[in-house]
Amino acid sequence: WDRQKGGIAFIGDSIVQNAKGLYDDWNGFLGREDCSNYGIGGQTTVEVSGRIGDLIKGEYEKVFFILGINDLGWNKQTFITISNYRSMIEQIHEALPDTKVYIISVLPTTEAFFKDQQSKIQMLNLALKNLTNEFDCATFIDVYSSMVGEDGYAKAEYLSDGLHPNKKGYELIAEVILPYVEESNQDNIPEQEQTEDASEESQISQEDTKEKEDQQTADEKKDGGVNVALLAAVIAVMLLIVIPTASNIARKKKNHGQK
């Protein structure tokens with residue numbers, strides 16, 4: 001697989017893998033050049049958990065999961081699937097604290113798979129959504145609602161075999177997730193961090209203002225000192241002029257009296 005460092009990673013089972021194996025990969029569906037594919041068919045959250053270390057080495061800005069349908073197929077209990085997901089999110093966040101994690105909902109199937117068991121998919125999606133609410137770095141993306149029909153099963157037009165998306169299905173997935181692909185990670189900074197940043201900026205601004213005011217006061221004092229010195233100099237010059245003049249007048253009067 002041609003995987004680059006940085007950008008966006010997709011990880012999961014055959015639904016992730018087939019985007020590259022059968023079509024133009026996620027780059028083609030999303031109109032990008034920075035998507036890497038970590039999909040392996042047949043895997044559950046157990047196997048994918050063992051590959052998170054390799055993904056972390058890529059230092060991706062965003063990580064998208066499509067994973068869970070095989071957990072249901074192997075009758076894994078929901079709490080085990082959620083525990084594995086939680087561990088993966090924690091590993092990614094610990095190693096890459098600025099990376100955003102997106103969990104794409106488990107997709108519906110046709111009656112060919114999970115007949116009369118679509119509620120299992122719905123319950124797992126609800127648990128995944130609740131899981132992402134525990135993390136500021138994680139977001140749940142609901143593709144399920146866009147793909148399910150009125151009968152509670154997937155619309156056949158989006159699947160190739162009742163389980164895996166066809167080209168139209170991938171195009172639908174891409175359409176739903178595109179806003180999350182394009183959003184800036186800065187938009188997802190927790191409110192507390194944003195408040196702290198704003199407070200820090202305000203403090204810096206106040207410090208700058210105080211520094212300017214102190215400088216202005218110092219300049220005014222300096223100007224005042226200069227003005228006082230100038231006034232003193234003028235007075236001194238005037239005294240030098242006035243005193244000799246007064247002395248001359250007195251001498252003239254004395255001389256006139258002697259005459």
Side-chain angles (χ1 to χ4, degrees), residues 6-13 15-17 19 25-27 29-32 34-39 43-45 48-49 51-53 55-56 58-72 78-108 121-148 158 165 169-197:
I8 298 172
F10 284 82
I11 188 166
D13 50 35
I15 295 178
V16 173
Q17 181 183 27
D25 206 3
W26 296 100
N27 282 322
F29 288 114
L30 295 167
R32 300 181 67 88
D34 60 348
C35 296
S36 295
N37 193 314
Y38 285 81
Q43 290 200 336
T44 68
T45 55
V48 174
S49 293
R51 299 194 287 119
I52 291 299
L55 180 141
I56 288 174
E59 299 180 357
Y60 298 100
E61 297 174 6
K62 299 175 187 288
V63 175
F64 287 81
F65 282 89
I66 303 181
L67 181 65
I69 194 66
N70 291 323
D71 287 57
L72 294 176
T78 299
F79 81 89
I80 293 177
T81 301
I82 295 302
S83 177
N84 291 335
Y85 254 115
R86 180 180 288 108
S87 176
M88 290 187 285
I89 295 173
E90 289 174 347
Q91 289 180 62
I92 293 171
H93 185 60
E94 182 178 354
L96 305 169
D98 294 328
T99 296
K100 277 287 294 178
V101 176
Y102 300 88
I103 297 179
I104 298 174
S105 61
V106 178
L107 305 179
I121 297 177
Q122 295 172 340
M123 293 302 295
L124 179 54
N125 281 333
L126 178 60
L128 289 171
K129 182 177 181 180
N130 290 336
L131 174 64
T132 59
N133 290 335
E134 299 177 16
F135 297 90
D136 291 325
C137 66
T139 300
F140 178 80
I141 304 177
D142 179 18
V143 176
Y144 176 93
S145 296
S146 297
M147 194 171 286
V148 71
Y158 293 120
Y170 280 109
E171 289 172 347
L172 176 63
I173 296 172
E175 179 182 348
V176 175
I177 71 172
L178 186 59
Y180 301 95
V181 171
E182 295 182 340
E183 73 178 358
S184 168
N185 281 17
Q186 191 69 19
D187 296 337
N188 297 283
I189 294 177
E191 183 178 350
Q192 181 179 355
E193 292 184 16
Q194 293 182 4
T195 302
E196 290 174 355
D197 291 343

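For Q91, the side chain to side chain contact (heavy atoms under 4.5 Å, CB included) criterion is met by I52, I56, S87, not counting sequence neighbours. Every residue meeting the side chain to side chain contact (heavy atoms under 4.5 Å, CB included) condition with E90, not counting sequence neighbours, appears here in chain and number order: R86, F135. With sequence neighbours left out, Y60 forms a ring-ring contact (aromatic ring centres under 6.0 Å, His included) with Y38.
Residue E175 places its CD atom among 12 or fewer non-hydrogen atoms of other residues, nucleotides or ligands, all under 6.0 Å distant. Counted within 6.0 Å of CD on E94, heavy atoms from surrounding residues, nucleotides or ligands total 12 or fewer; the atom is thus considered open. Enclosure of atom CD in Q122 by more than 12 non-hydrogen atoms of other residues, nucleotides or ligands within 6.0 angstrom is indicated.
Of all heavy-atom pairs between V176 and D142, the closest is CG1-O, 3.8 Å. Shortest non-hydrogen contact noted between D34 and N27 is N-OD1, 3.2 Å. Of all heavy-atom pairs between L172 and M147, the closest is CD2-CE, 3.9 Å. Of all non-hydrogen atoms in E183 and K62, the two that sit nearest each other are O-NZ, 2.8 Å. When all heavy atoms of P108 and I121 are compared, the pair lying nearest together is CA-CD1, 4.2 Å. In plain terms, the two heavy atoms of L131 and I103 that are nearest each other are CD2-CD1, 4.5 Å.
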_Run D71 and T45 through side chain to side chain donor-acceptor pair (under 3.5 Å) and show every step you take._
CA-CA 7 Å; D71 287 57; T45 55; 2.6 Å; yes
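At least one donor-acceptor pair closer than 3.5 Å links the side chain of N37 to the backbone N or O of G39. For S36 (side chain) and A9 (main-chain N/O), no donor-acceptor pair under 3.5 Å exists by modelled atom type.
For the atom pair I173 CD1 and I15 CD1, the distance stands at 7.0 Å (nearest 0.5 Å). Here the OH-CD1 distance, from Y180 to I104, works out to 10.5 Å after rounding to the nearest 0.5 Å. Separation of atoms CG (L30) and CG (D25) is listed at 9.5 Å; rounding is to 0.5 Å. I141 CD1 to S146 OG: the interatomic distance, rounded to the nearest 0.5 Å, is 11.5 Å. Atoms CG and CZ, from N133 and F140 in turn, are 10.0 Å apart once rounded to the nearest 0.5 Å. Taking CG of L128 as the start and CZ of F65 as the end, the distance is 10.5 Å to the nearest 0.5 Å.
A cation-pi contact links K100 to Y102, judged by a cut-off of 6.0 Å to the six-membered ring centre and 45° from its axis.
Applying the side chain to side chain contact (heavy atoms under 4.5 Å, CB included) test between I80 and each of I82, T78, N84 identifies N84 as the sole match.
The aromatic rings of Y170 and F29 sit parallel, their planes meeting at an angle under 30°, below the 60° perpendicular limit.
The closest side-chain heavy-atom distance from V48 to I11 is below 4.5 Å. The shortest side-chain heavy-atom distance between T139 and T132 does not fall under the 4.5 Å cut-off.
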